[in-house]
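For reference, the structure discussed in these notes is given below.
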Amino acid sequence: MNLKKNIKQKSTLSVKEYDQLIHTEPQKWAAGIMKRTKSTVTIAGLDKLPDGPVLFVSNHEGNFDIPTLLSTIPKPFGFISKKEVNKFPIIPMYMKEMNCVFLDRTDRRSALKSITDTIEKLKEGHSILIFPEGTRSKGQSMGEFKAGFMRIAKDADVPILPVAIHGTSDIMEKNNNKVKAATVTVQLLDPVSVDVLKDMKPKEAIAVIHTQIEEAVSAMSAEKQRNNDN
């Protein structure tokens with residue numbers, strides 16, 4: 001099992017090197033999933049990726065968001081996941097090494113702990129992905145962003161990298177949960193430094209990130225419609 005072999009190397013590698021090593025298998029797994037859906041996936045804005053840890057903040061359209069982002073973003077990252085995933089074999093072991101944070105949505109204390117755990121992982125030098133909407137939009141308009149991600153970025157002192165994703169709900173959510181090929185686009189936006197956010201009121205800062213992502217998603221949707229019309 002590659003995971004056990006990789007874990008043995010942990011003490012000899014830097015945080016960045018180990019995260020990259022662990023990222024390899026999940027990236028292959030995610031790419032394989034997307035290939036089996038026969039979907040076309042493109043990503044733009046890879047030049048926006050900063051060095052060092054970053055908090056990826058993305059809209060949440062469908063169940064295929066995670067495999068889409070894992071397979072397209074070369075920078076290793078963990079993510080916040082429902083605790084139910086722990087029931088599966090092997091997968092939770094990988095997720096733990098990827099620095100994923102497990103959350104019990106029914107327990108407020110678990111939600112607070114997930115914030116502090118995420119802050120700690122970012123401080124240790126790992127990047128984390130968060131979906132502030134909390135639930136999938138299923139291709140409908142974006143929901144409101146919960147405020148936790150702003151506290152995470154500020155307390156961890158890492159930049160936010162907004163991510164816009166469009167088309168994943170066309171794979172399953174819009175087809176009565178039957179998998180169909182779709183055109184999926186991902187856009188990485190300009191990183192937002194903590195220094196910029198500290199000068200704003202929390203609601204204002206959240207609105208800035210939400211608007212950036214929402215506008216990018218709208219632009220991708222319009223572009224897709226133009227291509228379909230031609």
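Note that the coordinates shown come from a computational prediction; the quantities given were computed from them, not determined experimentally. Note that the numbering runs from 1 along the sequence shown for the chain.
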Query raised in the report: Among all residues two or more places apart in sequence or in another chain, which pass the salt bridge (charged side-chain N to carboxylate O under 4.0 Å, His left out) test with K180?
Result: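 Salt bridge (charged side-chain N to carboxylate O under 4.0 Å, His left out) list for K180, sorted by chain: empty.
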
Could you check whether any side-chain N or O of [X] sits under 3.5 Å from a backbone N or O of [Y], counting only pairs where one atom can act as donor and the other as acceptor?
X    : Y    : answer
E17  : S14  : yes
N177 : E173 : no
S39  : V41  : no

Taking all non-hydrogen atoms of both residues, which atom of [X] and which atom of [Y] are closest, and how far apart?
X    : Y   : result
S127 : P53 : OG-CA, 3.5 Å
P26  : M98 : CG-SD, 3.5 Å
H166 : E61 : CA-OE1, 3.4 Å
L70  : F79 : CD1-CE2, 4.5 Å

Query raised in the report: Would K224 and D170 pass as an ion pair if we require N to O under 4.0 Å?
Result: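 Yes, this pair counts.
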
Query raised in the report: Salt-bridged, K123 to E120, with N to O below 4.0 Å?
Result: no

Side chain to side chain, [X] and [Y], heavy atoms closer than 4.5 Å:
X    : Y    : result
F64  : L69  : no
V15  : H126 : yes
I209 : V192 : yes

Requested in this report: Decide salt bridge (Lys or Arg N to Asp or Glu O under 4.0 Å) for E124 and K121; before the verdict, give the C-alpha distance in whole Å, the side-chain angles of both, and the deciding distance to 0.1 Å.
Outcome: CA-CA 5 Å; E124 290 169 358; K121 290 185 184 298; 5.3 Å; no

Report summary line: Those residues at least two apart in sequence (or on a different chain) that pass ring pair (Phe, Tyr, Trp, His ring centres under 6.0 Å) with H23 are none

Side-chain donor/acceptor pairs under 3.5 Å, residues 146-165, sequence neighbours excluded:
{"from": "K146", "atom 1": "NZ", "to": "E133", "atom 2": "O", "distance (Å)": "3.2"}
{"from": "R151", "atom 1": "NE", "to": "D155", "atom 2": "OD2", "distance (Å)": "3.3"}

